[in-house]
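All chains are named by letter (A, B, ...) in the order of the sequence lines, taking the proteins before the strands, and each is independently numbered beginning at 1.
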Number of protein chains: 2
Amino acid sequence: MAFEKQEIGDAVSYCGDALEVLEQLAAGAIDALIVDPPYSSGGMYRGDRMQSTGAKYVQTGTQVVRPDFAGDNRDQRAYGYWCALWLSAALKKARPGAPLCMFTDWRQLPVTTDILQAGGWMWRGVVPWDKTGAVRPALGRFASQCEYVVWGSAGPMSQDRAVGCLPGFYTYRVETKKEHITQKPVNLLLDLVKICPPGGVVADVFMGAGTTGVAAIKSGRKFIGVEIEPRYFDIACRRIENTVRQPDMLPPCEGEQATVLEAAANG
Amino acid sequence: MAFEKQEIGDAVSYCGDALEVLEQLAAGAIDALIVDPPYSSGGMYRGDRMQSTGAKYVQTGTQVVRPDFAGDNRDQRAYGYWCALWLSAALKKARPGAPLCMFTDWRQLPVTTDILQAGGWMWRGVVPWDKTGAVRPALGRFASQCEYVVWGSAGPMSQDRAVGCLPGFYTYRVETKKEHITQKPVNLLLDLVKICPPGGVVADVFMGAGTTGVAAIKSGRKFIGVEIEPRYFDIACRRIENTVRQPDMLPPCEGEQATVLEAAANG
DNA sequence: AGACTAGGTGAATCGAATT
DNA sequence: GAATTCGATTCACCTAGTC
C-alpha cells in the first residue's frame with residue numbers, strides 16, 4: 001500500500017491509517033512512541049459519543065470551525081480492541097526498552113492502562129497533566145482539570161541511555177490558538193520527548209496538528225508521524241516545516257548529548 | 001459483635017474490621033465516605049507485595065520503627081473482591097447521593113475505579129495529589145510523585161446541598177512527622193472533607209493515624225471512624241482528642257454554613 | 001549536612017527440575 | 001551423581017528535591 005509521504009528535515013510523515021503505516025516500518029525504527037489517540041470519550045452514553053467531533057467538543061462563544069477528526073466514536077470495548085491492535089503493531093517496530101507515552105482522560109484511564117498491557121507493553125506509571133485554565137467547575141464536585149499520560153516500555157528498560165530523571169507531573173495551560181480541538185501545548189511535549197534518548201526517533205501515529213513532531217524536531221530528535229485525515233496531515237506538515245525552518249533549536253537538556261544514540265551505535 | 005468504641009466530641013471511633021462495623025451502622029448514617037485503604041501495592045512482583053509493610057515501604061537511613069499495618073498484602077484480584085465487599089456495605093449506610101473519596105496509587109488506580117463501580121457507587125472522577133518532595137527519582141523515567149483520589153457518589157448527586165466548586169488537583173507536601181507510613185497531610189484532608197456538606201457525617205473505615213477524623217472535626221463536621229490495628233486506633237483517638245480539645249476551629253469555608261444539614265433536617 | 005521518599009535495576013545467590 | 005538451566009529471591013546502589 002502507498003501513502004502520501006512527506007520528508008521534512010528529520011521528520012518523516014505519512015498520511016494514512018496508523019496500523020497500516022506501522023506495518024511498513026522497519027523493526028527497531030522507533031526509539032519512543034508518544035501518542036494522543038482519539039479518546040472516544042466525551043459523553044456518558046453511547047449516543048453522545050457517536051456525534052461528530054465538531055458537535056461533541058463544543059466551544060462556547062466564538063465558533064472556530066475545525067474539521068472533524070476520525071476514530072473518536074467507538075464504544076469503550078471497540079476502542080480497547082482497536083488500541084490493542086495498533087499498540088501491538090507498534091511494539092514490533094519499537095527498539096527493546098523503548099518508552100511509550102499515551103494521552104488519555106480520566107474516563108479512559110483504566111481502559112488505557114489495560115490496553116497498553118494488552119498490546120504487549122509494560123505499564124510503568126501515570127503522569128498527570130494539569131490543564132489549569134481549561135476547567136469547567138461544577139457545584140459540589142471536584143473539577144476535572146487534569147488529563148493523563150499513561151506510560152510504559154517495550155519490555156525491561158535499561159538505564160544505560162538515560163540522561164536524567166523526569167518529573168512525574170506537569171502543569172501547562174492549554175494554548176489559546178489551536179488548530180485541533182485536542183491539541184496539546186508544545187511545552188508539554190517538549191518535556192515529554194525527553195523520555196526519548198537525545199538524537200533518537202520519536203514516533204506519533206495520531207499526529208493531529210503535529211505537536212509531537214514539532215517538539216521532537218525542536219529538541220534535536222528525529223520524528224515519524226502518521227495522520228489519517230488529510231487536512232490535519234497538511235496542518236502538521238506545515239507546523240513541522242516551520243519548526244525545521246527556524247532553527248531556534250533548544251540548547252541540549254542538562255546532560256543531554258545529541259549523539260548518545262550514534263555513540264552507542266558506533267561504540 | 002462488640003467493638004471497642006470511643007466517643008470523642010463529634011467523633012465516634014471503632015476498633016475493628018471495616019466490614020463488620022459497617023454492617024452495624026444505621027442506614028443513612030454516612031454523609032460522605034473518605035477512605036485510604038491499604039493499597040496492596042509496593043512492588044512489581046507478587047513476592048514484593050507479600051512482604052510486611054515495614055519491609056516493603058523501605059526507609060533509607062535512620063530506622064523509624066512503626067507498627068506494620070494490616071490488609072496490605074492481597075494480590076490484585078483479591079484486593080478487588082475485598083474492596084467491593086466493604087464498598088457495597090458502605091453504600092447501604094450512605095445517604096443517597098453521598099460522595100465517596102478513595103485514595104489509591106498509580107498501580108491500583110484502574111482496579112480502584114472498577115471496584116468502586118462494582119461496589120455500586122457511581123464513578124465521577126479522579127483527583128491527583130502531587131506529593132512534590134516525596135519523590136524517589138529514577139534515571140530515565142518519569143517519577144511517580146502523585147497519588148490519586150478516585151471519587152464518586154451513592155447514585156445521582158443533587159446539587160442542593162453543595163456550597164461551592166472544588167479543585168480537581170491538590171499539591172501538598174508529605175508531612176515530615178508521621179505516625180503511619182501512609183499518613184496523609186491534614187491540609188489535604190481539610191480540602192477533601194469539603195465534599196461533605198457542612199455539619200454532615202464523614203466516615204473513614206481505614207482510619208490509620210486518623211487524619212480524616214482530625215480534618216472532619218476541625219472543619220465542624222461529624223466523624224465515624226474504624227481502624228482494625230489497636231496501636232493505630234489509639235494513635236487516631238489521641239489525635240482526634242487533641243483536635244477536639246483545642247478549638248482552633250477553622251472559619252467556615254467560602255459560603256459554608258455550619259448548619260446546612262440541620263437546616264435541611266429541620267425545614 | 002543528612003534524612004527522607006506507598007522504588008526500581010541488575011548482579012549475585014539460592015533451589016528445583018532437567019540433562 | 002554431577003552439571004546445567006531456568007526461575008525466584010535477595011541485596012547493594014542509584015536518583016534529586018526538599019526539609
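Atom-to-atom, NZ of B/Lys177 to C1' of C/dA3 comes out at 14 Å; the value is rounded to the nearest Å. Rounded to whole angstrom, the span from the CG atom of B/Asp130 across to the C1' atom of C/dT5 amounts to 13 Å. Atom pair A/Met157:CE and C/dG7:P shows a separation of 18 Å (rounding to whole Å applied).
Counted by atom type alone, A/Ser158 and A/Asp160 present one or more donor-acceptor pairs between their side chains at under 3.5 Å. Between the side chains of B/Glu147 and B/Tyr39, at least one donor N or O lies within less than 3.5 Å of an accepting N or O.
Here B/Pro37 lies in heavy-atom contact (under 4.0 Å) with a base. At a threshold of 4.0 angstrom between heavy atoms, the contacts of B/Thr53 with the nucleic acid are absent. Using a 4.0 Å heavy-atom distance criterion, B/Gln145 is classed as making no nucleic acid contact. Nucleic acid contact class of B/Lys184 (heavy atoms, under 4.0 Å, all strands): base.
At C/dA3, none of the side-chain N or O atoms of B/Arg136 fall inside 4.0 Å of OP1 or OP2 (strictly under the cut-off). The side chain of B/Lys56 contributes no N or O atom lying less than 4.0 Å from OP1 or OP2 of C/dA6.
In this structure, B/Pro137 and B/Thr132 both approach DNA chain D, and ranking their closest nucleotides by distance from the 5' end singles out B/Pro137. Residue B/Asp36 is the one, among B/Asp36 and B/Arg141, whose nearest nucleotide of DNA chain C lies closer to the 5' end (criterion: closest heavy atom).
B/Trp123 and B/Trp151 have their aromatic ring centers separated by at least 6.0 angstrom.
Figure legend. D/dG1 is base-paired to no nucleotide; pairs are counted as Watson-Crick or G-U wobble with both atom distances under 3.5 Å. Judged by Watson-Crick or G-U wobble contacts below 3.5 Å, the nucleotide D/dC14 has C/dG7 as its partner.
Cation-pi geometry between B/Lys184 and B/Phe103 is satisfied (NZ or CZ under 6.0 Å from the ring centre, within 45° of the ring normal).
Here the separation of D/dC11 from C/dA6, taken at their P atoms, is 23 Å to the nearest Å.
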